[in-house]
Structure formats: structure tokens, C-alpha cells
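Beneath this line is the structure, given in C-alpha cells, with notes to follow.
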2 protein chains.
Amino acid sequence: MSGSSMGRRPTMRDVARAAGVSQSLVSIVFRGAPGAGAQTRDRVLAAARELGYVRDESARSLRASQSTSIGVCFQTRQPFHHVLLDGMYAHTAGTNHPLVLSAVSDARDEATAIRGLLAYRCGALVLLGPRGDEQSLLAMAGDTPVVVVGRRVDDRSIDWVTSDDGLGMDQAVTHLRTLGHRRVLYLSCSRAAGGPDRLQAFHDAAAANGISRSVTVADGEMTEQRGARAAERLLAGSILPTAVIAFNDRVALGLMEVLIRRGVAVPKDISVVGFDDSEIAQRDPVLMTSVHQDAESLARIAVERASQRIHPSSPPTDPHGTLVPTHLVVRSTTGEAPRR
Amino acid sequence: MSGSSMGRRPTMRDVARAAGVSQSLVSIVFRGAPGAGAQTRDRVLAAARELGYVRDESARSLRASQSTSIGVCFQTRQPFHHVLLDGMYAHTAGTNHPLVLSAVSDARDEATAIRGLLAYRCGALVLLGPRGDEQSLLAMAGDTPVVVVGRRVDDRSIDWVTSDDGLGMDQAVTHLRTLGHRRVLYLSCSRAAGGPDRLQAFHDAAAANGISRSVTVADGEMTEQRGARAAERLLAGSILPTAVIAFNDRVALGLMEVLIRRGVAVPKDISVVGFDDSEIAQRDPVLMTSVHQDAESLARIAVERASQRIHPSSPPTDPHGTLVPTHLVVRSTTGEAPRR
DNA sequence: CTGAAAGCGCTTACAG
DNA sequence: CTGAAAGCGCTTACAG
């Protein structure tokens, strides 16, 4: 980088001088605004590259009348959030929507993470699986528009996008029912974003399939550990369900790890269905039947909603929420119900 | 938030007016600079809270003579990076070092991620497991100081901190040797940051334990899939090693998943040692023997180095790198070498 | 402590 | 296209 010879980082003035144009024009080129000829534009970009120029986001967002960056709040320990992040990066590459990230972790609560995003003047916030209730999310965000991913929201000032759990659960239960299963256990996670939605969806699907009276539900965390515990409790009990649907793939994996070690054959003795269809489910030899969540669409729609809120060309979309279809990926962990 | 009644977000001026002090004084309070009495300070903070004031990082970092924020470049698909993120958040909470995150993913290469950090005027960059070679990292960072986590770096202008792989490998190999193992396979990952270091460490540890001639090495990716493939290749071969050390816990897990399904008992028939001692290794029923990486110390030292580079009270520390000790956590996947 | 002021690097509107 | 200018919300040095 020849820029290093200057002793400070190059500014638009430096690029302008190097390209022999005005500073205003450099700004026009970098904003992609009309007013620069193709040839001039190339000269400016060449000079910028030569100097190692990087446009200053702090200055840009401070000065711009409308902040276009999208703040994303995610959880460090949620693999599915990282898949969503990938998708959001893919859908903002080359746009004027830089992503600003802020993580929720043991040492950092949601309010702190959101405050961190506001400090960078984000034009909109995308919250992945937020735990807070609607009113506190609204209070935290203040005047900044909010898009929630992974659960429904009633308040109409918040946009949301999530997988169609009703559809997904129905696909899972119908699949099991077709295989002859009636005694189905659902490992719920009421604490998670979308946890209550998914539980309701399970009850609805059981009713629709006429097995409401033979299904059971257990509640807990959304980790492998929780699945493992559930397996132990199952094995200690008198009547085994013939199939288990887990809140997510991680819970299903933990469950299967214990079952297999204890000599319970999957799916011969018990069928297992995961949720997410993450890498966990897809890999050999796990090959788990799982409800596929379309992370790519979730991410794309979240970005689109945020972008619409930032540039309100039209009144807010109605409805304010989107359900993304799921589909069931049948692999090797589901089979005919055993007769017992 | 009573601030929402203003129609725009509150600034320091608004807080000053509400608290009945000057704007300069509000700045002093928020910077923690000397010049404000305890009582005034409380009045300012109360007014700020009342208004829902969040200090504008864009303006702060634009104006401040020295940018104090730390840019962190991480990979979305690396669980260990998220543990490091947790640690870095914990060690910057309450300091004047806000973290700015930028992810590397399929859709976003390292150069783009680093440029993203520079755009926010970070005072220093912390790169988690960067893949680029030293010269390109230096070129990308320009004048911004760089701290690399997860591998050694020769260039003395870059600080680094990583686990002592030499120690960790020696702990793993010595443990196996004590149990009578000689035929040890190492599943390497030369492409990963620190991969070559760890491979060299394995060879050194084998030599120190007098088993150089009976060990083998296979190379590949750092995923469960890769471990599963390795297990299949092992089972197809004529002579099984009596123990496997994996590049990380994920590879070890994939390996064990196949072994257990094929009726190969761990550790009776084959011992398995992971690396990282992540949640994967710790959970029941996996309970994997693994080389523990001290993520908390790695994160703390990375933050300390970055902070030192931002506020150079003393000349750069010598040496510019730190090796963090590992320790071996013995669980249930290692045992006496089988006689065959 | 106050108050007035300069300036970080941009965006934006404006006269030419 | 240029060039001069204002201003985003802060930090910082300064006179009182």
C-alpha cells in the first residue's frame, strides 16, 4: 500500500488530489450517486486503490441524513445464528447496507448488545432470536426500526420473519403418523425465541393427525445436554414413545448419542426428527430426518425488510410479518413404528 | 423512554440541558475524564438515563485523537471463535474499548472483513485464526496494529497469542504412551490457522516419547465430516492404530460417531483424544479426553495486547507473542492400549 | 466547573 | 463536472 507513506490514513481529499478531481466528486463516486462519468469514475477508483483508501464509515454515518447500516444482534452460542449471518452478509454485499454486529453472550445481555448497535447509528436493527418481550425490545430500540428473526411479534411497529413452524411441525408429525407412530414425544424449549410458537404448532399438528391423546411433551434447554438427559429419562421410564421430535437438531443429536450408546436402535426402536436441518443433521453418519429451515430466505427477507424501513419508498408492508415455508428432509433416523 | 418525545435521538446537548450543565461537562462524565464532581456526575448520568441517551460512537471515534475501539475478525462457522468472542466481551465490558465485529464467511473473505473494520476506525485489530499470510495481513491492516489469535507470527510488528501446542501435544502423546499406545494416528489440518504448528508439535511429541516410527498422519479439513471419513478409512485398512489424536474436538466427534456405530469400542478398541476441550468434548455421553485450550486467557491477552498498542505507555512488549499453557482433560475416551 | 470554538471526514445542496 | 460551504455529534484545549 503506497498509502502508508503518508503517515496517516488517506481521506477523500487525498484521493481527490491524486485523481485530479474535487473531493465532492470522490464522494459522488463512492456513494454511487449520479454525476460522474465512467472514465472519471475509474480514475477515482484507481487512485483510491493505489492509496489504500477505505471510506470512513464513522464520518459517513455521522453526516448522512439517513443512516443506511443494518445492526445485527446475534447470540454467540447459536450455530443457526451464524448461518443467518452468512446469509445476511451475502445479501448485503455490494449494497449500501454495511452490517454492524453485536453479540449476546453470558457476559453481555440483550439490552447492552442493542445499545451497542444504536451507538453506531444503525438505520435499522435485525434481532436474531431475541429473548426480550415486545415492549422492552421497542423501548430498547427507541426510534430505530426493528426486524425480528425467529419468532412472531404482535406489535405492528416491529417487522418479523420466521419459519412456518405450523407447517414444519405438521410435516414432521404427518411423516411420523404415516409411518404408524402414535406415541410421539416433543422435546420443547419454551425459553427460546419461537419456543412457544413451536410448541403450539406441535399440539395443532397432533390434533390434525388425530393423535393428541397419545403425544407427550417435555420442556428444557436447547442443547445436546438436554437431549441426552431426555434420553436417560426415557430409558428409565416404563413406556417408551415410538418417536421423538426435538426442538432443534442439537437436542436431537444429544438424544441419539445416548440412545445409540445404550443399544437402542434408531430408527428401528425409536424414530427421531430434528429441527433446523443444520450441518449437524446433514452429516454422515448422523443423517437425521429434520425440518429444514430456509436460512437463506430468512436472511434475505430480514435484509429486505430492514432496507425497506431505511428507505421508506412505500408505506410499511402489510402484513408486517412473513412465514417462510419449511420442508421435511427425510434421512435415516425415521422409520416404521415398532409394534410394542 | 421519554427521549422518544423529541422526535430525534438525544445528543450530549440535550443531556446537558436536562442536567443543567455544559455540554463539555457531559462529555467529561461519559469519558470518565477528571473534572466532574461526584454529585454532578450522578445528575448527568440520571438525565442521560431519563432521556435514553446513547453516546454516538461514530462521532466519538471520528473526533477522538486516538481511536480506542478494537476490531475483531472472526469466522462464522468456527465455534471456538465464538467462545473467544465471549471472552473478549467479558474483558472489554466497562472499558473504553468497544468491540467492532466483522465476520469471515463463504460470502465474505478476510480482506473484505478487515476493510470493514478499518472503515470504523478501529484502534487495533484482533484477528481470530486468520488464514492470510503475514505480509498480506500487514498490507490489509495498513497502519493499524494487529493481534493474531490462534497461530504464531514471525513479523515482529504483529502481536500474537496462541495455545502452547507443543505442550498440549506432548500432554496428549505422553498420556497415550503411558497407557501403552505406540501406533498413534494424528488427524492434521494443515489449512487451518495453527495447523502447521500443531503438526510439528505432534512430530516433536512423538519423537520425545520414542514412538516416531510407529505414528502416522492424515491431513484434511477441520470438520466432523472429515473425522467420519477418517474412521471409514481406518476401518477399511488392515492395521488399526490404537489411538487417534484429532486436530480438534469436531474431527474427533465425527470419528467417534462412526466408530461407535460400527461397533468399535472407545476406548477399549481405540482411544481418541480431541483438541480444544470445547462443549462438544465436555458433554455427557461424549466425555472426550481433550487438550484444553484456555480460551479465557487467550481472549484476555488478546484484549490486553490490543489495548497496549492503542495506548502505548511503554515500548511494544518483548517478546511480541504469548504461548498460553494447555492442560489435558482426561475423560472416558482414552484407556489402555489393546494388545493386537 | 462554564462557554465558545475548532475540527475529525464525510454528505449534501448550491452557484458556477 | 468544480469549489466553497455548512454541519452531523462528538473531543479537546482554552480562557474565565
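Because the structure is predicted, anything quoted here is derived from the model rather than measured. Numbers restart at 1 for each chain; the letters A, B, ... are given by sequence-line order, proteins then strands.
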Both distances under 3.5 Å, Watson-Crick or G-U wobble: on that basis, could you give the dot-bracket string for DNA chain D, with [ ] for crossing pairs and | for other-strand partners? |||.||||||||.|||
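Looking at B:S61 and B:S67, their side chains never bring a donor and an acceptor atom within 3.5 Å of each other.
Looking at heavy-atom distances under 4.0 Å, B:A36 makes contact with sugar-phosphate atoms alone, never a base.
With sequence neighbours excluded, no residue forms a salt bridge (Lys or Arg N to Asp or Glu O under 4.0 Å) with A:R131. Evaluation of the salt bridge (Lys or Arg N to Asp or Glu O under 4.0 Å) rule for B:E134 yields no partner, not counting sequence neighbours. Residues satisfying the salt bridge (Lys or Arg N to Asp or Glu O under 4.0 Å) criterion with B:D86, sequence neighbours excluded, are A:R77. Residues passing the salt bridge (Lys or Arg N to Asp or Glu O under 4.0 Å) test with A:R17, sequence neighbours excluded: A:D14.
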Walk me through it: do A:H82 and B:H82 pass the test side-chain hydrogen bond (donor to acceptor under 3.5 Å, both in side chains)? CA-CA 10 Å; A:H82 306 146; B:H82 296 275; 3.1 Å; yes
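Under a cut-off of 6.0 angstrom, the local environment of CD in A:Q39 is sparse, with at most 12 non-hydrogen atoms contributed by other residues, nucleotides or ligands. Counting non-hydrogen atoms of neighbouring residues, nucleotides and ligands closer than 6.0 angstrom, the CZ atom of A:R31 exceeds 12 such neighbours.
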Contact pattern, 5' to 3', of nucleotides 6-16 of chain D - B, S or - by protein heavy atom under 4.0 Å: BBBBBBB----
